[in-house]
Amino acid sequence: MSNSWRKAGIALSTMALLFSFAFLSLPQTVTRAADHSEAPLADHDRPADIGDVYAFLDPSDNSRVVLAFTVVGFIVPGENSNQGAFDSHVRYRLELEETGDSTADRFIDITFDERTSRSTPQNATILLPNGTRITAPTTVPSQAATAPTRVVTTDSATGVSFFAGVADDPFFFDIPGFNRFVASVAGGTPDATQLARARDTFAGYNTMAVVISLPVSLIRTTNGVVGVDLLTQRQIKRTFKTKTGEVIYSGKFANVDRMGVPAINTVLIPFARKDEYNLAKTSDDAAGRFANDIVAALTSLGTNTDNVNILASVAVLNGDFLRLDTTVANTGPGGGNNAGAGFPNGRRFSDDVVDTILFFVANQNVIGDNVNGNDVALTDAFPYIGVSQQPRNAGVADDNTRN
Ligand SMILES: [Ca+2]
Ligand SMILES: [Ca+2]
Ligand SMILES: [Ca+2]
Ligand SMILES: [Ca+2]
């Protein structure tokens, strides 16, 4: 393990500590999720509202890296066909931080053609960091009781594999249980029994997902480490066509949402600045634009000055990127589950991010939300994410939802 990665690893572990304590310091914060619906603008723009971002080595071939993200959270299976589409006006930009600082160096841009019918795939265009442009169809969603066969496209020239379509939301978390627990902490009487519900708020619901696997050789790293975040962007000039209702977008792109490490904007940033956070750059993080908010959150908890300084400097130093060490082997089913290879080293579908957070909330005592995995099986081959939830047949009482 290189020194720089050791430093980055420590930084991210400390980051986890930082945002975990902030749960206690911000009792007025209603935790939504990893990033689902976290800010007013993103909350009102579902196609651009990032749910989660993932980065891990492909467990089937560690010379490949898998990058994945979800948008349009909480699709009810009965609405798969209506809501199961990507917005052709949104640019999904995976930023790659390849030099070890806080500024993204190259990008993977993914855009989708407009949907022409509910039974026709959308065509995705993927602009790779080396300037190569490839195209691939989405998987058409269905209302059948059995999920449609997923369409995976592999480009022979680049070795890139691509899936996009409706999928089970891989995030698992008991949001009400957690918020009730935090409220009990804020009220001065911590009540861990609030975490006994063991009900996954995301169970039974779908999301739009993009999963891409690419040779590590297509990205650059510093001592094997690459930083990843996702920006959802729209062009800023909009013209409304009163006869057709069409909106014509033009001009430069601006962020609607951005996400790297889970729960940063959701938890650490005050409500009034959440949109600003999404519109900011990772270099703004590094310049300390949100440092006072982070320091205030920690100070209100009673964290001592030394640790506030350490944690605040960590939070602003590297920018909000998931950092993946591509030299750490990832193995196991469902996209990988071997110990020590997951979050905060990148993030896999199976990583229990919430329990990692709660571990630190409880001063490194083992505590969790008792939701310890996804409600449906992850798959053992690309794209690894669980297949879409489908409307049930007659006689099937359980729809998986756990409200
Ligand atoms: Ca979001
Ligand atoms: Ca850089
Ligand atoms: Ca799920
Ligand atoms: Ca958990």
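In listed order, ligands and their atoms are each counted from 1.
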Candidates Val90, Leu127, Val210 - the one meeting side chain to side chain contact (heavy atoms under 4.5 Å, CB included) with Ile110:
Val210
CA sep, side-chain torsions, deciding dist, call: Arg348, Asn330, side chain to side chain donor-acceptor pair (under 3.5 Å)
CA-CA 10 Å; Arg348 302 173 295 195; Asn330 179 39; 2.8 Å; yes
Output yes when a side-chain donor or acceptor of Thr222 lies under 3.5 Å from a complementary backbone atom of Glu98, and no otherwise.
yes
Output the atom name for the N/O/S atom of Asp169 with the smallest distance to the Ca ion (ligand 3).
O
Using only N, O or S atoms, tell me which atom of Asp369 is closest to the Ca ion (ligand 4).
OD1
Verify whether one side chain among Ser213 and Arg64 offers a donor that lies under 3.5 Å from an acceptor in the other.
yes
Got an N, O or S from Ala39 under 3.0 Å of the Ca ion (ligand 1)?
no
Would you say Asp168 has an N, O or S atom lying under 3.0 Å from the Ca ion (ligand 3)?
yes
N/O/S from Asn374 sitting under 3.0 Å away from the Ca ion (ligand 3)
yes
Taking Asp285 for the side chain and Asp320 for the main chain, is one N or O donor matched with an acceptor at less than 3.5 Å?
yes
Any idea which N/O/S atom from Asp355 gets closest to the Ca ion (ligand 4)?
OD1
Quick one: report the N, O or S atom of Asp375 that is nearest to the Ca ion (ligand 3).
OD1
Report yes or no: is the cationic atom of Arg234 (NZ for Lys, CZ for Arg) closer than 6.0 Å to the six-membered ring centre of Phe253, at no more than 45° off its axis?
no
Aromatic ring proximity Tyr54/Phe69, centre distance under 6.0 Å
no
Run the numbers on Phe349 and Phe56 for ring-ring contact (aromatic ring centres under 6.0 Å, His included), then give the verdict.
CA-CA 9 Å; Phe349 293 130; Phe56 52 93; 5.5 Å; yes
If you check every N/O/S atom of Asp49, which is the one nearest the Ca ion (ligand 1)?
OD1
To 10 degrees, how wide is the angle OD2 (Asp257) to the Ca ion (ligand 1) to OD2 (Asp35)?
90°
Rounding to 10°, state the angle centred on the Ca ion (ligand 4) that links OD2 in Asp352 with O in Val371.
90°
Would Gly373 count as a contact for the Ca ion (ligand 4), in the sense that one of its N, O or S atoms lies under 3.0 Å from it?
no
